[in-house]
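Below: the structure, in structure tokens.
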Amino acid sequence: MSVKPYGLICPISHACEILEPRWTIPILTEMWGGSTKFNDIKRGVGSISPTLLSKRLKELEAHGLVERLEDRATGEVHYVRTQRAIDLEPALDALGNWAQCNIEARQALEKLSVSNLMWQMRNYFDLDELPKRQVVIQFRFSDPGLEYDTYWVLIRPGLPIEICSSIPGFDVDLFIETDRFSISSILLGRTTIPREIETGRLFLSGDALLARTMDRWFYHRTKEDPAKILMLEHTTP
């Protein structure tokens with residue numbers, strides 16, 4: 001069913017007609033993060049169905065925001081953003097800035113999926129700050145009702161970072177016990193590692209050097225003025 005246009009002269013409403021359909025902005029954001037394959041985009045976006053993702057990608061292609069590239073030799077398909085989509089980055093950044101400074105941390109993260117969080121975790125390690133060897137990190141989440149509460153991050157020089165929901169068969173270097181609010185708030189810059197350790201929402205054990213330098217090798221967003229960000233409350237409700 002087609003959506004009735006706003007019929008307004010306002011240029012923001014024209015943009016909304018393209019960007020408003022559910023999942024459109026998360027899809028573009030996931031592609032902004034580097035995903036180009038259908039399954040990678042789906043895993044990064046979360047609970048979108050394959051049918052709806054296919055529909056949204058076709059719409060984005062029709063609007064000139066996404067280009068579908070197929071390798072005829074292998075049949076592999078990649079979806080890449082066009083310059084028109086790249087030009088949206090400042091607007092998406094501004095939306096992120098507004099959310100960081102105007103939406104409470106727990107409200108923003110209430111429906112966060114741990115499995116999606118861990119899939120995206122591949123992008124959150126600074127390899128230059130990690131030892132030049134194999135590193136295995138175990139994340140254990142205390143949130144109730146999870147399908148998987150334990151994940152392993154396998155980092156090996158020269159290879160893509162792997163996220164495992166089953167034991168990878170290697171000794172664990174660092175054990176991280178946390179919950180989804182704590183670890184995602186660290187990533188968003190809405191709290192700090194020392195603050196989370198102090199509150200008891202983050203517990204590190206294992207390799208002392210990895211634990212002590214976590215704030216160097218574990219990503220945290222720094223785009224906004226810390227004084228304006230709505231921080232995660234100090235105590236758990």
Distance in Å, Glu129 CD paired with Asp215 CG, rounded so as to fall on 0.5 Å steps: 9.5 Å
Taking every heavy atom of Arg84 against every heavy atom of Gly64, the minimum-distance pair comes out as CB-O, 3.7 Å
Any side-chain heavy-atom pair from Ile41 and Ile27 closer than 4.5 angstrom? yes
State, with a plain yes or no, whether a side-chain heavy atom of Leu202 is found less than 4.5 Å away from one of Ile193. yes
Tell me if the CG atom of Asp171 is crowded by more than 12 foreign heavy atoms within 6.0 Å. no
Lys/Arg-Asp/Glu bridge criterion (N-O < 4.0 Å) met for Arg201, Glu177: no
Trp32 and Leu69: same hydrophobic cluster, using ILVMFWY side-chain contacts below 4.5 Å? no
Neighbour count above 12 (heavy atom, 6.0 Å) for Lys228 NZ: no
To the nearest 0.5 Å, how far apart are CG in Leu210 and CG in Leu204? 10.0 Å
Note, Phe203 side chain near Ile176 side chain (heavy atom, < 4.5 Å): no
Less than 3.5 Å apart, any donor N or O on the side chain of Asn116 or Gln120 sitting next to an acceptor on the other? no
Looking at Glu59 and Lys55, is any side-chain nitrogen of the basic one under 4.0 Å from a carboxylate oxygen of the acidic one? yes
Beyond-backbone contact of Arg106 with Leu232, side-chain heavy atoms, under 4.5 angstrom: yes
Apply the side chain to side chain donor-acceptor pair (under 3.5 Å) test between His78 and each candidate in Asp40, Asp71, Thr36; give the one that qualifies. Thr36
According to a 4.5 Å side-chain heavy-atom criterion applied to Ile, Leu, Val, Met, Phe, Trp and Tyr, with indirect links allowed, do Tyr151 and Met214 form part of one hydrophobic cluster? yes
ILVMFWY network linking Val135 to Leu127, side-chain heavy atoms under 4.5 angstrom: yes
When rounded to the nearest 0.5 angstrom, what distance separates CD1 in Ile186 from OG1 in Thr178? 6.0 Å
Quick one: does Leu19's side chain get under 4.5 Å of Leu88's, heavy atoms only? yes
Out of Leu154, Asp207, Val153, which one pairs with Ile137 under the side-chain contact (heavy atoms from CB on, under 4.5 Å) rule? Val153
Are any of the side-chain heavy atoms of Asp126 and Tyr219 separated by less than 4.5 Å? no
Stepwise side-chain contact (heavy atoms from CB on, under 4.5 Å) test for Arg221 and Arg190: CA-CA 8 Å; Arg221 184 179 172 105; Arg190 287 180 177 249; over 6 Å; no
Is Arg216 reaching over with its side chain to a backbone N or O of Thr213, donor-acceptor style, under 3.5 angstrom? no
Audit row: Ile183, Phe141, side-chain contact (heavy atoms from CB on, under 4.5 Å) steps and yes/no: CA-CA 9 Å; Ile183 205 72; Phe141 292 87; 3.8 Å; yes
Hey, is Glu30 close enough to Arg43 for a salt bridge, meaning N to O under 4.0 Å? no
Do Ser182 and Glu196 have side-chain atoms, one donor and one acceptor, less than 3.5 Å apart? yes
Mark yes or no for whether Ser13, through its side chain, and Cys10, through its backbone, hold a donor-acceptor pair below 3.5 Å. yes
Determine whether more than 12 heavy atoms belonging to other residues, nucleotides or ligands lie under 6.0 Å from atom NE2 of His63. yes
Would you find a donor on one side and an acceptor on the other, under 3.5 Å apart, between the side chain of Thr192 and the backbone of Arg195? yes
Give, for atom CD of Gln138 and atom OG of Ser205, the distance between the pair rounded to the nearest 0.5 Å. 8.5 Å
Minimum heavy-atom distance between Ile9 and His14, given as atom pair plus value: O-CE1, 3.4 Å
Are Arg133 and Asp173 ion-paired here, with the side-chain N under 4.0 Å from a carboxylate O? yes
Between Tyr79 and Leu60, is there a side-chain heavy-atom distance shorter than 4.5 Å? no
Taking Glu61 first and then Lys58, would you say they form a salt bridge - that is, a charged N and a carboxylate O separated by under 4.0 Å? no
Got Phe38 and Val77 here, is their nearest side-chain heavy-atom distance under 4.5 Å? no
Could you pull out every donor-acceptor pair under 3.5 Å between side chains of residues 159-168 and any protein atom, sequence neighbours left out?
from: Glu162; atom 1: OE2; to: Arg156; atom 2: NH2; distance (Å): 2.3

Contacts of type ring pair (Phe, Tyr, Trp, His ring centres under 6.0 Å), residue Tyr148, not counting sequence neighbours: none
Treating Thr24 as the side-chain partner and Glu20 as the backbone partner, does any N or O pair qualify as donor plus acceptor under 3.5 Å? no
side-chain contact (heavy atoms from CB on, under 4.5 Å) evaluation trace for Leu53 with Trp23: CA-CA 8 Å; Leu53 175 56; Trp23 297 112; over 6 Å; no
N/O donor-acceptor pair under 3.5 Å between Asn102 side chain and Trp98 backbone: yes
Give the cluster check for Ile155 versus Val136: same hydrophobic cluster or not, with ILVMFWY residues linked at side-chain heavy-atom distances below 4.5 Å. no
When the ring planes of Phe218 and Phe139 are compared, do they come out parallel, tilted or perpendicular, using 30° and 60° as the limits? tilted
Check for me, please, whether Leu65 and Leu95 land in the same ILVMFWY cluster - side-chain distances under 4.5 Å, paths through other members count. yes
For the residue pair Arg180 and Ser184, confirm or rule out a side-chain donor-acceptor distance under 3.5 Å. no
Taking everything shown except Glu147 itself, do over 12 heavy atoms lie less than 6.0 Å from its CD? no
Does a donor on one side chain sit under 3.5 Å from an acceptor on the other, for Ser115 and Ser113? yes
Lys/Arg N to Asp/Glu carboxylate O, Glu70 vs Arg72, below 4.0 Å: no
Can you list the steps and then say if Leu188 with Ser185 is a side-chain contact (heavy atoms from CB on, under 4.5 Å)? CA-CA 5 Å; Leu188 289 174; Ser185 292; 5.7 Å; no
Under the ring pair (Phe, Tyr, Trp, His ring centres under 6.0 Å) test, residues paired with Phe175 that sit two or more places apart: none
Enter the distance from Leu28:CG to Leu57:CG here, rounded to the nearest 0.5 Å. 9.0 Å
Distance col, row Arg140:CZ vs Asp149:CG, nearest 0.5 angstrom, shows 5.5 Å
